[in-house]
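What follows is a short report on a single structure.
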Amino acid sequence: MKATEGSTVEENKKALQFIEEVTINVDEVQKRVLAEILSRNANVEYLQRHDLNGHTDRETFKKVMPVITYEDIQPDINRIANGDKSPIFCSQPISEFLTSSGTSGGERKLMPTIPEEIGKRFQLSSLVMPVISQFVPDLEKGKGMYFWSIKSEAKTPGGLPASPVLTSMAKSPYFNNNRFSPYANYTSPAETILCPDSYQNMYSQMLCGLYQRKEVLRVGSHFASGLIRAIRFLEKHWSLLCNDIRMGTLNTQITDQSVRESVMKILKPDPELADSIEAECSRDSWQGIIARLWPNTKYVAVVVTGSMSQYIPTLDYYSNGLPLVSITYGSSECFFGINLNPFCNPSEVSYTLIPTMCYFEFAPIHRDNGVINSISKSKSLNEKEQNQLVDLVDVQIGQEYELVVTTYSGLYRYRVGDVLRVAGYKNNAPQFYFVCRENVILSIDSDKTDEAELQNAVKNAVHNLIPFDANVTEYTSYADTATIPGHYVLFWELNVNGCTQIPPSVFEDCCLTIEESLNSVYRQGRASDKSIGPLEIRIVEIGTFDKLMDYCVSLGASLDQYKTPRCVKFAPLVELLNSRVMSRHFSPTCPNWVPGNKQWNNMN
């Protein structure tokens, strides 16, 4: 049954009281969480291997357990993926793997999880609307229009499902149960969200959202890039959508029977509504289209921190400056915290880490000439470096840290790779700005490409130039989000010794070689999700990178220490590079991608 207005107020009070209590008793809660995790998993292989011997206190835990990266535990994760059911990390059976947007060896990382962990993610999500309702009342009286989608689910050789966390949550029983919440009144039927076909998924959700436009009080998607893709979809297909609303019919391209049935329960002929939508969509400018089509919208709910901040100007344009609410912070490893001041400026978003979610530790990070100089992700930490880690209550305002977590599903002192800066406090709980994902230089959607991976991809592509006695003398890159979907751009300066002109098709082959060399998350975004556009190489004039260096030195960079940046974000640098482009070349087709892990697909 739907909750009554009185019970909604009461539930909101309980949620806010919970936040108040756990942010006051932070250290006590953290001690309890660690003891709970260690006591219930006392006999698992991983803890026994490191001689924890049933201890649950912080001191012993920190003394004997190493701080680790994914690569340290990958052999154990592979055992589970291949069917080993013994308690390696966790006393409870692993129910599924959550596939991370971070990669190892070009493949998605696999995060083992248990049903309780998924429940904790929904517990954090349940705090969102009580927090927002302090600023915008009566949201339960309208609907939310959210563009959600699921990604392909794979099976490990041992039979466990493996999918991204948001897909797992959408398929979870918790999601269906959650729809009885007064705030879970969405324009999209569950069948449209769970439709794996990207066109049918988006078309049906957009149609339902347009048809119920006057009831919509909030608009969103998981990430900023997802909402912009939805608006771009509307730009392409508004005529078809208006026709379906006018006639009360459903486009024949929607072939999923469950989607058709769920949409037709909502849709009735409405020529007047179709005409008003058509009038807005046929105007020359799409500025403010969200506010114009959904006039009762109070805010836009999307993640706009980290790499998603590049989409803020586009969202402001489409929404006429509606508040952009970035509310939760989490990853495939665990959900971490919540933004308690959701209507702040996007540049001021900070997340309060909720101490019941997992056990938190922090590795201090220092900057050398503005460049992050942290503990290397590629090596184990020595004793001195391990001793530098601090607890949640011991972080210092203004200091940057790398996040390290111990989770209920069996990750112990695991380095997440997120760089956070302490912004302030909610009671005794620190609040953090999300600074960046360590080592990531390019990102459009959920993809994360680091410098080493890009360098390897360029190295592979340069082989295409050998027959022409040419090579790349310098290169840099940037994520171009002016196009929708956004795409990677590489600027290449060449040294050509041969006499034969290099045909454009060779540079197109270079583009595709780079894409084939990038990780599976990127290739899925290109080939399956269509959330990333074709990679582009721009050939620049000889001497361009000298000009780039001169400009950087003029801004104060040391000539002796100058290194060509492998990614540029500063607008004047991008403008300088673009002013010297001689030719542009795009990847001619999508790179290869199949669901699952490359190793699984090679198994008989």
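The side-chain heavy atoms of T187 and R213, taken from C-beta on, include no pair separated by under 4.5 Å. A 4.5 Å side-chain heavy-atom check between P430 and L353 finds every atom pair outside the cut-off. No side-chain heavy atom of S188 sits under 4.5 Å from any side-chain heavy atom of M145. Two residues are said to be in side-chain contact when any heavy atoms from C-beta on lie closer than 4.5 Å; N12 and V131 fail this criterion. Residues D480 and Y488 fail the side-chain proximity criterion, which asks for heavy atoms closer than 4.5 Å. V302 places none of its side-chain heavy atoms less than 4.5 Å from the side chain of H222. You'll find the side chain of I266 reaches within 4.5 Å of the side chain of P189, heavy atoms only. In this structure, C567 and S477 have side chains that are in contact, with non-hydrogen atoms separated by less than 4.5 Å.
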(request) Report the C-alpha distance between E140 and N185 in whole Å, list the side-chain angles of each, state the deciding distance to 0.1 Å, and finish with yes or no for side chain to side chain donor-acceptor pair (under 3.5 Å). (result) CA-CA 8 Å; E140 71 278 9; N185 191 5; over 6 Å; no
(request) Report the C-alpha separation of Q205 and I193 in whole Å, then their side-chain angles, then the decisive distance to 0.1 Å, and conclude whether the side-chain contact (heavy atoms from CB on, under 4.5 Å) test is met. (result) CA-CA 7 Å; Q205 289 191 80; I193 296 168; 3.9 Å; yes
(message) Is there a side chain to side chain donor-acceptor pair (under 3.5 Å) between N251 and Y199? Walk through the geometry before answering.
(response) CA-CA 11 Å; N251 181 347; Y199 177 86; 3.1 Å; yes
(message) Set out, in order, the CA-CA distance, both residues' side-chain angles and the distance that settles side-chain contact (heavy atoms from CB on, under 4.5 Å) for M264 and L250, then state yes or no.
(response) CA-CA 8 Å; M264 291 310 295; L250 187 53; 4.0 Å; yes
(request) Test L98 against R121 for side-chain contact (heavy atoms from CB on, under 4.5 Å), laying out the working first. (result) CA-CA 13 Å; L98 301 178; R121 294 169 194 264; 3.5 Å; yes
(request) For T352 and Q431, run side chain to side chain donor-acceptor pair (under 3.5 Å): C-alpha distance rounded to whole Å, both residues' side-chain angles, the deciding distance at 0.1 Å, then the answer. (result) CA-CA 4 Å; T352 303; Q431 298 173 310; 2.9 Å; yes
(request) Please report the C-alpha distance between R526 and D447 in whole Å, then the side-chain angles of each, then the deciding distance to 0.1 Å, and finally whether the salt bridge (charged side-chain N to carboxylate O under 4.0 Å, His left out) criterion is met. (result) CA-CA 10 Å; R526 280 279 287 121; D447 53 301; over 6 Å; no
(request) Kindly indicate, with the supporting measurements, whether the criterion side chain to side chain donor-acceptor pair (under 3.5 Å) is fulfilled by R229 and S221. (result) CA-CA 10 Å; R229 278 202 309 279; S221 184; over 6 Å; no
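In summary, the side chains of Q253 and Q200 do not present any donor paired with an acceptor at a separation below 3.5 Å, with no hydrogens or angles considered. Residues Y351 and T328 bring no donor and acceptor atom of their side chains to less than 3.5 Å of each other. At a cut-off of 3.5 Å, with distance as the only test, a side-chain donor of E515 or S587 sits close to an acceptor on the other residue.
For M247, the CE atom is loosely surrounded, since the number of other residues' heavy atoms within 6.0 Å does not exceed 12.
For E191 and R260, the salt-bridge test fails: no basic side-chain N is under 4.0 Å from an acidic carboxylate O. Using a cut-off of 4.0 Å between Lys/Arg side-chain N and Asp/Glu carboxylate O, R523 and E516 are scored as not salt-bridged.
The backbone N or O of T192 lies less than 3.5 Å from a partner atom in the side chain of N201, making a donor-acceptor pair. Q287 places no side-chain N or O within 3.5 Å of a backbone atom of N320 that could act as its donor or acceptor partner. E21 contributes no side-chain N or O that, together with a main-chain N or O of F18, makes up a donor-acceptor pair within less than 3.5 Å. Judged by distance alone, with hydrogens and angles left aside, the side-chain atoms of S319 form a donor-acceptor pair with the main-chain N or O of L315 at under 3.5 Å.
Using cut-offs of 30° and 60° on the angle between ring planes, the pair Y329 and F434 is perpendicular. Classified by interplanar angle (parallel below 30°, tilted 30° to 60°, perpendicular above 60°), the ring pair H237/F233 is tilted.
Residues I77 and L110 approach most closely at CD1-O, 3.4 Å, considering heavy atoms.
For F336 and F432, the gap between ring centers reaches or exceeds 6.0 Å. Centroid-to-centroid, the aromatic rings of Y522 and W593 stay 6.0 Å apart or farther. Aromatic rings from Y299 and F343 are positioned such that their centres are separated by under 6.0 Å.
Partner of I231 under the side-chain contact (heavy atoms from CB on, under 4.5 Å) criterion, chosen from Y317, W286, F147: W286.
A cation-pi arrangement is present between K120 and Y408 under the rule of less than 6.0 angstrom and at most 45 degrees off the ring axis.
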